[in-house]
Amino acid sequence: MYAQLVKSEGTSREEMSPEEIAFQERIDRNEKIEPKEWMPEGYRKTLIRQIGQHAHSEIVGQLPEGNWITRAPTLERKQILLAKVQDEAGHGLYLYCAAETLGVSRDELLERLHSGDMKYSSIFNYPTLTWADMGAVGWLVDGAAIMNQVPLQRTSYGPYSRAMIRICKEESFHQRQGYAIMMKMANGTPAQKKMAQDALNRLWYPSLMMFGPSDKDSVHSAQSMAWKIKMNTNDELRQKFVDQTVPQAEYLGLTVPDPDLKWNEEKGGYDFTEPDWDEFYQVLKGNGPCNKERLGARVKAWEDGAWYREAMTAHAKKKAARRSAVAAE
Amino acid sequence: MPSLPDIMTPNAAELAKQDGGAGGHAPAPDADQDALVEFLLRMGDNALILGHRNSEWCGHGPQLEEDIAVSNIALDLIGQAAMWLELAGAVEGQGRSADDLAYLRDVWDFRNVKLVERPNGDFGATLMRQFLFDAFHFHQLRGLVASSDARVSEIAAKALKEVSYHLERSAGQVIALGDGTGESRGRMQAALEDQWSYALELFASDGTDRNMAEAGIAPDPAELRGLWDETVGAVMAEATLEIPDSDFAHQGGKQGTHTEHLGYILAEMQFLQRAYPGAEW
């Protein structure tokens with residue numbers, strides 16, 4: 001899940017205007033809301049935050065995997081990884097475009113990312129230390145993202161829903177390639193197997209954090225769910241993720257780093273240890289292992305590219321002026 | 001202390017005998033195969049190393065569309081490298097795969113020109129290098145499509161489709177940045193001057209190139225200079241950039257004498273294969 005703790009701004013049913021009631025009824029009938037149509041200001045603002053955070057997560061999410069492109073161990077792996085990280089840039093592009101339909105520019109959103117005003121998913125503040133992390137990120141991080149994004153294909157806002165449909169197709173390929181790397185490593189040399197287990201140990205709890213805090217502490221969920229921009233609760237998705245992932249880990253011959261993990265026949269799912277929420281809030285505050293590097297890399301790319309963007313704009317203007325001068329002759 | 005042999009006065013007669021004597025030297029039976037392998041390594045290594053350099057931009061481009069474009073070009077080039085190196089390994093006949101050639105050779109066995117291994121610099125410098133290379137690569141591949149070797153012609157046809165787009169993009173970008181602002185023009189002029197003498201290695205033909213040309217396998221790079229000058233000249237004129245008045249070329253890359261930069265690329269690229277020999281990934 002790439003959007004965590006998105007603050008939503010809504011009004012209670014009693015305070016709703018007739019327009020707002022009609023809007024809510026459209027959502028309840030599963031109608032899609034399109035850009036030019038009337039929507040409550042709170043809906044618009046909440047969506048901008050959520051889609052923006054999701055877009056930022058895609059482009060910051062390029063960095064942990066980008067970290068291994070130049071060290072990928074074979075030409076094929078290098079191509080697959082490069083294609084995957086490039087897809088993430090593409091997802092960022094779809095999502096910024098979806099956000100733009102709500103009246104906010106991409107540059108404005110990027111400024112808010114760079115200033116620290118807008119967040120991206122906490123998971124990308126963890127380092128990728130070995131090649132097995134390329135497997136574990138695809139398997140666990142993309143796996144968790146899919147868990148959240150598949151239901152979002154049915155979200156109420158049309159452009160967001162359509163972006164999600166495109167993104168989900170590519171994400172499932174990403175998850176499969178991640179699992180394929182894990183298979184190679186888990187069935188490889190003792191050193192490779194050790195790398196695979198180490199990657200699972202480090203990324204397990206940060207992956208569980210991707211779904212956001214427990215429902216009892218998640219203050220903005222109810223309104224977002226009424227608007228259908230959030231389709232399931234955090235705990236529902238986390239449970240589903242654990243239930244899906246544990247057998248996959250067993251198949252790999254790897255051990256999930258949770259001594260209290262056990263199947264609960266009664267609820268038909270696993271009991272598991274919650275991630276350390278203090279660590280989660282520290283990461284959100286900027287104190288994760290890679291926060292400074294990740295945001296620093298984005299800001300550097302943006303600032304180093306300023307002259308390039310200015311030049312492209314200047315050239316486009318000159319070209320247009322020359323064209324109209326020719327047309328005037 | 002035993003004295004070392006005098007290196008200044010080698011046994012000339014002995015050396016001449018080993019060399020088969022000047023002029024009367026009969027080519028070894030597989031001399032053409034060796035030259036073909038050498039040529040294929042040059043094709044593969046140029047694509048591999050330039051692809052690697054471009055891939056360093058992934059996630060760090062000046063805007064999202066360009067991040068995607070530069071990664072795309074890296075992907076194309078690495079894909080081409082895989083095809084050329086696989087063929088090189090097959091012709092060599094010692095069972096080496098494309099990965100063996102990419103990941104298990106040291107610097108002196110790489111055959112790329114120095115231009116492609118130099119650090120990226122700013123995004124403009126990366127684009128200038130790409131354009132100077134694309135303009136050569138495009139004309140070279142057009143020649144290779146007509147190769148007498150069907151395997152070479154087949155790879156060239158695939159690569160040409162991609163490289164036609166690479167050239168269109170890099171030419172457009174060089175024009176835009178040359179014509180853009182005072183600052184961008186200054187950066188692009190500096191990049192052109194910095195890279196000019198490295199680009200000219202592309203046209204420095206040697207025995208391998210002449211051997212390939214005679215066999216009808218590949219065009220002689222020296223003969224592509226005219227076409228390249230035309231392409232580069234037209235683009236630089238539109239970009240308002242001045243072509244350096246120098247024909248000096250930094251050479252040696254094609255024969256395996258590189259800049260200091262290639263060693264660092266390989267240290268990074270080959271790390272896993274070197275640290276965990278024989279592992280499958």
Side-chain angles (χ1 to χ4, degrees), chain A residues 55 58-79 81-83 85-90 92-93 96 106 110 130-131 181 184-185 187-189 191-192 195 297-298 300-319, chain B residues 48 51-72 74-75 78-79 81-82 85-86 97-99 101-103 122-124 127 173 175-188 239 265 268-273 275-276 278-281:
Chain A
E58 296 286 355
I59 64 165
V60 177
Q62 288 183 267
L63 300 169
E65 291 174 282
N67 183 38
W68 279 89
I69 289 173
T70 56
R71 290 178 290 172
T74 68
L75 294 173
E76 191 188 11
R77 289 279 173 224
K78 201 187 200 60
Q79 290 177 79
L81 183 61
L82 192 47
V85 180
Q86 187 197 30
D87 279 349
E88 282 153 14
L93 202 52
Y96 285 120
R106 198 203 304 181
L110 287 173
T130 73
W131 175 253
I181 291 176
K184 276 272 184 202
M185 305 289 284
N187 297 310
T189 65
Q192 285 175 305
M195 271 185 231
R298 287 310 319 161
K300 184 177 188 305
W302 187 248
E303 286 175 354
D304 288 355
W307 72 270
Y308 169 90
R309 294 188 302 275
E310 280 159 23
M312 295 311 275
T313 310
H315 170 68
K317 276 188 191 154
K318 283 187 193 176
K319 221 168 126 179
Chain B
L48 177 62
H52 183 96
R53 280 296 191 210
N54 274 309
S55 79
E56 292 173 0
W57 277 104
C58 186
H60 306 276
Q63 65 186 29
L64 217 36
E65 289 83 350
E66 285 313 307
D67 209 302
I68 293 171
V70 76
S71 305
N72 221 9
L75 260 179
I78 293 165
L85 293 179
E86 191 191 331
S97 67
D99 280 337
L101 289 169
Y103 289 92
D122 65 26
F123 201 67
L127 286 166
Q173 297 261 311
I175 289 168
L177 294 174
D179 177 60
T181 61
E183 182 183 0
S184 69
R185 186 181 183 279
R187 284 176 185 256
M188 295 312 278
I265 293 180
E268 197 171 325
M269 187 172 90
Q270 299 179 338
F271 157 67
L272 284 168
Q273 290 285 356
Y276 302 95
E280 278 186 44
W281 303 92

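Convention: sequence-line order gives letters A, B, ...; per-chain numbering from 1.
- When each of A/Gly61, A/Pro73, A/Ala89 is checked for heavy-atom pairs under 4.5 Å with chain B, A/Pro73 comes out on top.
- Heavy atoms closer than 4.5 Å to chain A are found in the side chain of B/Gln273, but not in its backbone.
- Chain B forms the most heavy-atom pairs under 4.5 Å with one residue out of A/Lys317, A/Met195, A/Lys319, A/Glu303, and that residue is A/Met195.
- Counting only N and O atoms by type, the side chains of B/Gln173 and A/Tyr308 include a donor and acceptor under 3.5 Å apart.
- The candidate from B/Ile265, B/Leu177, B/Asp122 with the greatest count of non-hydrogen atom pairs under 4.5 Å with chain A is B/Leu177.
- Considering only heavy atoms from C-beta on, A/His315 comes within 4.5 Å of B/Ile175 through its side chain.
- Using modelled atom types, one side-chain atom of A/Arg77 and one backbone atom of B/Trp281 make a donor-acceptor pair closer than 3.5 Å.
- The nearest pair of heavy atoms linking B/Ser55 to A/Thr70 is OG-CG2, 4.0 Å.
- Looking at B/Asp179, both its backbone and its side chain come within 4.5 Å of chain A, counting heavy atoms on both sides.
- Most heavy-atom pairs under 4.5 Å with chain B, from the set A/Gln62, A/Arg298, A/Met312: that is A/Gln62.
- With respect to the salt-bridge test (charged N to carboxylate O, under 4.0 angstrom), the residues B/Glu65 and A/Arg106 qualify.
- When each of A/Glu310, A/Glu65, A/Lys78, A/Gln192 is scored by its heavy-atom pairs under 4.5 Å with chain B, the top score falls to A/Gln192.
- Contact detail for B/Ala82 and A/Gln79: the closest heavy-atom pair is CB-NE2, 4.4 Å.
- For the pair B/Ala102 and B/Leu48, the tightest heavy-atom approach, listed with the atom from each and the gap, is CB-CD2, 3.8 Å.
- The contact between A/Ala191 and chain B is made entirely by side chain atoms (from C-beta outward), counting heavy-atom distances below 4.5 Å.
- Nearest approach of A/Ala297 to B/His60, heavy atoms of both residues: CB-CE1, 4.2 Å.
- Heavy atoms of A/Leu75 lying under 4.5 Å from chain B belong to its backbone as well as its side chain.
- When each of B/Asn72, B/Leu75, B/Thr181 is scored by its heavy-atom pairs under 4.5 Å with chain A, the top score falls to B/Leu75.
- Contact count versus chain B (heavy atoms, under 4.5 Å) is highest, among A/Met185, A/Arg309, A/Glu88, for A/Arg309.
- Contacts of B/Arg185 with chain A are absent, with no heavy-atom separation under 4.5 Å from either backbone or side chain.
- In terms of heavy-atom pairs under 4.5 Å with chain A, the best-connected choice from B/Gly278, B/Ser184, B/Gly51 is B/Ser184.
- Checking side-chain atoms of B/Asn54 against main-chain N and O of B/Ser71 turns up no donor-acceptor pair under 3.5 Å.
- Annotation: side chain to side chain donor-acceptor pair (under 3.5 Å) contacts of A/Lys300 (sequence neighbours excluded): A/Asp304.
- Of the two parts of A/Thr74, the backbone and the side chain both hold a non-hydrogen atom closer than 4.5 Å to a non-hydrogen atom of chain B.
- Options A/Tyr96, A/Trp68, A/Trp302 differ in how many heavy-atom pairs under 4.5 Å they form with chain B, and the most are formed by A/Trp68.
- Neither the backbone nor the side chain of A/Ile181 comes within less than 4.5 Å of any heavy atom in chain B.
- For B/Glu66, the part lying near chain A is the side chain, with the backbone staying farther off; criterion is any non-hydrogen pair under 4.5 Å.
- In this structure a side-chain-to-backbone donor-acceptor pair under 3.5 Å is missing from A/Arg71 to B/Leu272.
- Heavy atoms of B/Glu268 lying under 4.5 Å from chain A belong to its backbone as well as its side chain.
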